[in-house]
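Just so we're clear, the structure is a prediction, and the values are computed from it rather than from any experiment.
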Amino acid sequence: MNRYPLWKYLLILVVLVLGFVYAMPNLYAPDPAVQISGQSSALEVGQNVLSRAEKALDDAGIDHFGGELQGKSVLLRLNSSEDQLPAKRAIQQALGHSDYVVALNLASTTPHWLADIGGKPMKLGLDLAGGVHFLMEVDTSTVVKTNLEGYAADVKTELRGVKAPYRSVEVVDNREIVARFRTEELRDRAVRTLRKEIPQLQWQQSGNDGNLAVRGTLTEQEIKQLEDYAVTQNLTTLRNRVNELGVAEPIVQRQGRDRIVVELPGVQDTAEAKRIIGKTANLEYRMEAKPNALTTTKSYFEYRNEQDRQAYGGAWLERKIIITGERVADARAGYDENGFPKVDITLDSRGGEMMHRATWKNVGRRMGTLFIESRFTPETRVDADGNETVVQKRTDDKKLINLATVQSALGRQFQTTGLGSPAEAQELALLLRAGALAAPMYFVEERVIGPSLGADNVKVGVTSVQIGLLAVLICMLLFYRVFGLAANIALAFNLTLLVAVMSILGATLTLPGIAGIVLTVGMAVDANVLIFSRIREELRNGLPPQSAISAGFDNAFSTIVDANITTLIVAVILYAIGSGPVQGFAVTLSVGILTSMFSAIMGTRAIINIFYGGRRVQKLWI
């Protein structure tokens, strides 16, 4: 009686060993580091970049060690977190701002043999470990300009409709639309039409004689609405991008009128995250300009203005855009029939209608896919008084990545080819899935932050857990003696398993998660208390010791299972409907329930069986 078969002992031993192995990475604290990657996923960062970065740190007198190549990035470890920002600035000056992303990071110190078998430390939330803080500013002037350009196209359409020929229609200083006319009659007709058809702008007449004009400006309320839309859309897109990267428990929130804060916790690939969240890239699909349109007179382009006079990759594209990346509902990278990288694109319903209409009318013509990327580089300018200011200079890179003949009308699903590499296809698919940015953004600030709850609060929280655990261990020993010792061993086993499972799953531990661990400890002990109380009851009823042990474990089993399953259901519901701290609590509670059932039932009984199984026992120390 009270003896396990050999396979059960071996199973418990294997689980115990695996638990210790996969919990071990949490004993190794990470090193402060600086990470370098290319602005483009296709850009390889090799030994040359590592050597230049190490020389820059040596010249700046910053201690470093362990420089290494990690795939397409470079990682340099530092002795102190205080050296991270000076190291970042020194490397940026040495490498330049245009081709490389330099980011602060924490480098894992897990031994290679552990990492090779999948061992990794448990992720810690911002409230426990801190992380990296980015402050980004949205270039809201761009969305205002784009909006005005759209209104300018509408102005031309309305004026042609009422036969009011204009000399020119242009956006001036990204603030207003100016339409110029030859006669007062045309100007008066234009202003009456525009006030009626485009009331979103305030229209005023100006000039006299040969400088007759109508000026349209946006109201302050309209400008604020456009800016709010741009920031809100970018906020949503950033959250999607961070989620696509798999960053655990990030914070992405608005700050002020045109800024967004992004905080990434723990050990993350911050260079990759910085490159992706700061990337402003989009696609435009346009038809190739018709040959007869290219041979028309200058007045055609000046007054009709239907084709763009810019050539991309040797092709002339119409100014009219069929769709942009904003209409993409899903995008997946892959390979075409020739083994070249591609992106399979699925449009939303409106985008599918627009694409079908455009291609149905233009079967046999070529359609171009234009990739547009905006970059910001800091530039120092000196005013008349000699004061230096740093401004962000924007550069738009346009590249025709595909020009193909339309064989038949396209719908919601099609593919884009012509990409330089599989990595470029993966990155483009990620950006399209996350959604287009309403306006470009640039980094204003980057720094390492400490635990959001403060180091003292975290220390107090951990100390409270230690005191509570110690009190439980002492009480179990005092009340249940040998059985209490077995319960304490099983409890340590349980905590090891919990940490191991959390590490393997990549779950994030937050302070509410520590509360879940405390509750798990209580529930694990509670299961043992039920078992031991039942054993005492069976002894009082006159059963011999071995029979009392067997009856105690068997009869308490159903009660323990019922109580834990109902709690597990509640934990799953909390995770499903909760967010942030609630989910952190639910994760540790769910994992803890499963590990405690294994350790409290099988683990504790295995230890008791080793103490008492197969022996003639006269008295139990319980």
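Of all non-hydrogen atoms in A524 and S596, the two that sit nearest each other are CB-CB, 3.7 Å. Shown here for R77 and E68, the closest heavy-atom pair between the two residues is NH2-OE2, 3.2 Å. The two residues D554 and R605 have their closest heavy-atom pair at OD1-NH1, 3.2 Å. In plain terms, the two heavy atoms of P512 and F585 that are nearest each other are O-CD1, 3.4 Å. Heavy-atom minimum distance, Q84 versus P32: CD-CB, 3.8 Å. Looking at every heavy atom in both residues, A487 comes nearest to M476 through CB-CE, 3.6 Å.
In this structure a side-chain-to-backbone donor-acceptor pair under 3.5 Å is present from N564 to I560. Looking only at distances, a side-chain donor or acceptor of R433 sits under 3.5 Å from a matching main-chain atom of A331. With N528 contributing its side chain and A600 its backbone, the two residues share a donor-acceptor pair below 3.5 Å. For the pair T566 (side chain) and A563 (backbone), a donor-acceptor distance under 3.5 Å is present. Looking only at distances, a side-chain donor or acceptor of Q583 sits under 3.5 Å from a matching main-chain atom of Y575. Checking side-chain atoms of R239 against main-chain N and O of V242 turns up no donor-acceptor pair under 3.5 Å. R412 contributes no side-chain N or O that, together with a main-chain N or O of G351, makes up a donor-acceptor pair within less than 3.5 Å. For S533 (side chain) and L530 (main-chain N/O), no donor-acceptor pair under 3.5 Å exists by modelled atom type. Side-chain N or O atoms of N26 include one that pairs as donor or acceptor with a backbone N or O of M122 at under 3.5 Å.
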- Task: Test T520 against T588 for side-chain contact (heavy atoms from CB on, under 4.5 Å), laying out the working first.
- Result: CA-CA 8 Å; T520 298; T588 53; 5.8 Å; no
- For side-chain contact (heavy atoms from CB on, under 4.5 Å), just list the numbers for L497 and L495, CA-CA rounded to whole Å, side-chain angles, deciding distance to a tenth of an Å, and then say yes or no. CA-CA 5 Å; L497 274 185; L495 292 177; over 6 Å; no
- Message: Is there a side-chain contact (heavy atoms from CB on, under 4.5 Å) between S590 and L568? Walk through the geometry before answering.
- Response: CA-CA 6 Å; S590 301; L568 181 61; 3.9 Å; yes
- Apply side-chain contact (heavy atoms from CB on, under 4.5 Å) to Q546 and R616, showing your working. CA-CA 8 Å; Q546 294 289 6; R616 189 178 298 275; over 6 Å; no
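For the residue pair T109 and D31, no side-chain donor N or O sits within less than 3.5 Å of a side-chain acceptor on the partner. Of the N and O atoms on the side chains of T595 and N494, at least one donor lies less than 3.5 Å from an acceptor on the other residue. Judged purely by distance below 3.5 Å, without hydrogens or angles, the side chains of E137 and Y442 pair a donor atom with an acceptor atom.
The side-chain heavy atoms of L347 and I345, taken from C-beta on, include a pair separated by under 4.5 Å. Using a 4.5 Å heavy-atom cutoff, the side chains of I251 and V262 are not in contact. In this structure, the side chains of N105 and V34 stay at 4.5 Å or more apart for every pair of heavy atoms. By the 4.5 Å heavy-atom criterion applied to side chains, Y28 and P111 are counted as neighbours. Annotation: side chain of D63 is not in contact with side chain of L78 (no heavy-atom distance under 4.5 Å). Within the 4.5 Å cutoff, the side chain of V444 has no heavy atoms near those of the F134 side chain. Here the side chains of D83 and S80 are in contact, with some heavy-atom distance below 4.5 Å. Contact of the K8 side chain with the L10 side chain is not registered, since no non-hydrogen atoms from C-beta on lie closer than 4.5 Å.
Residue L135 holds its CG atom at 5.0 Å from CZ of R259, rounded to the nearest 0.5 Å. Taking CE of M502 as the start and CD1 of I517 as the end, the distance is 6.0 Å to the nearest 0.5 Å. Within the model, atoms OG of S599 and CG of L594 stand 11.0 Å from one another, a figure rounded to the nearest 0.5 Å. The distance from atom CD1 of I535 to atom CG of N555, rounded to the nearest 0.5 Å, is 10.5 Å. Summarising the geometry, atom CD belonging to Q225 is positioned 11.5 Å from atom OG1 belonging to T232; distances are rounded to the nearest 0.5 Å. Atom CG in D344 sits 9.0 Å away from atom OG1 in T416 (nearest 0.5 Å).
The aromatic ring centroids of F20 and F493 lie 6.0 Å or more from each other.
Counting heavy-atom neighbours within 6.0 Å of Y335 OH, excluding the residue itself, gives a total of 12 or less. Environment of CZ in F557: sparse, with no more than 12 heavy atoms of neighbouring residues, nucleotides or ligands closer than 6.0 Å. In Q415, the CD atom is crowded: over 12 heavy atoms of neighbouring residues, nucleotides or ligands sit closer than 6.0 Å.
Aromatic ring orientation, F532 versus Y480: tilted (interplanar angle from 30° to 60°).
Paired with S37 under the rule side chain to side chain contact (heavy atoms under 4.5 Å, CB included), one option of V74, V101, L75 passes, and it is V101. In summary, of the residues considered (T140, V138, D258), a side chain to side chain contact (heavy atoms under 4.5 Å, CB included) with N234 occurs for V138 alone.
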